[in-house]
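The shown structure was predicted, so the numbers you read here are calculated from the model rather than taken from an experiment. The chain is numbered in sequence order, starting from 1.
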Amino acid sequence: MTTAKKISIALPPEMVYIVRSAVATGEYASSSEVIRDALRDWTYKRSLSQQGVAELRRVWQEALNDKTSGISSDDVLDRLERKFQAIADATDTKK
């Protein structure tokens, strides 16, 4: 088991109130537990974000390396126009 290290942090009054309220209502046993839970959540979200960036870089590089001709911009715009027109038509028939 790792040994806990003690640090001191400064929080704005609003955050102090949130932390103390969570302890007062019994949601958490201590202020330290609130902060540890918040840091675990932040660490998880940060990890997901970093994975997302890595995936985006991979896909971007894959697209740069792809030498196929792909779809012309006119074809893409035509498909989008048909799609949005179908949505508009469906909305009009429901009224």
Legend entry - Where at least one partner belongs to residues 60-69, residue pairs that pass side-chain hydrogen bond (donor to acceptor under 3.5 Å, both in side chains), sequence neighbours excluded: Arg58-Glu62, Gln61-Asn65, Asp66-Thr68
Legend entry - side-chain hydrogen bond (donor to acceptor under 3.5 Å, both in side chains) contacts touching residues 73-85 (sequence neighbours left out): Ser72-Asp75, Gln85-Asp89
Hey, can you pull the donor-acceptor pairs under 3.5 Å for the side chains in residues 18-27, sequence neighbours left out?
residue	atom	partner	partner atom	Å
Ser21	OG	Tyr17	O	2.8
Thr25	OG1	Ser21	O	3.1
Thr25	OG1	Ala22	O	3.2

Inset, instruction - Establish whether Tyr28 and Trp42 are linked, either directly or via other cluster members, by ILVMFWY side-chain heavy-atom contacts under 4.5 Å. - result: yes
Inset, instruction - Establish whether Leu77 and Ile71 are linked, either directly or via other cluster members, by ILVMFWY side-chain heavy-atom contacts under 4.5 Å. - result: no
Legend entry - Partner set under salt bridge (charged side-chain N to carboxylate O under 4.0 Å, His left out) for Lys45, not counting sequence neighbours: Asp41
Inset, instruction - State the CG-CD1 distance between Leu11 and Ile35, to the nearest 0.5 angstrom. - result: 5.5 Å
Legend entry - Co-membership, hydrophobic cluster, residues Leu64 and Val59, 4.5 Å side-chain: no
Legend entry - Arg40, CZ atom: more than 12 neighbouring heavy atoms under 6.0 Å: yes
Legend entry - Residues in side chain to side chain contact (heavy atoms under 4.5 Å, CB included) contact with Leu48, at least two apart in sequence or another chain: Tyr44, Gln51
Inset, instruction - Not counting sequence neighbours, which residues clear side chain to side chain contact (heavy atoms under 4.5 Å, CB included) with Leu80? List them please. - result: Val76, Phe84
Legend entry - With sequence neighbours excluded, residues passing side-chain hydrogen bond (donor to acceptor under 3.5 Å, both in side chains) with Glu14: none
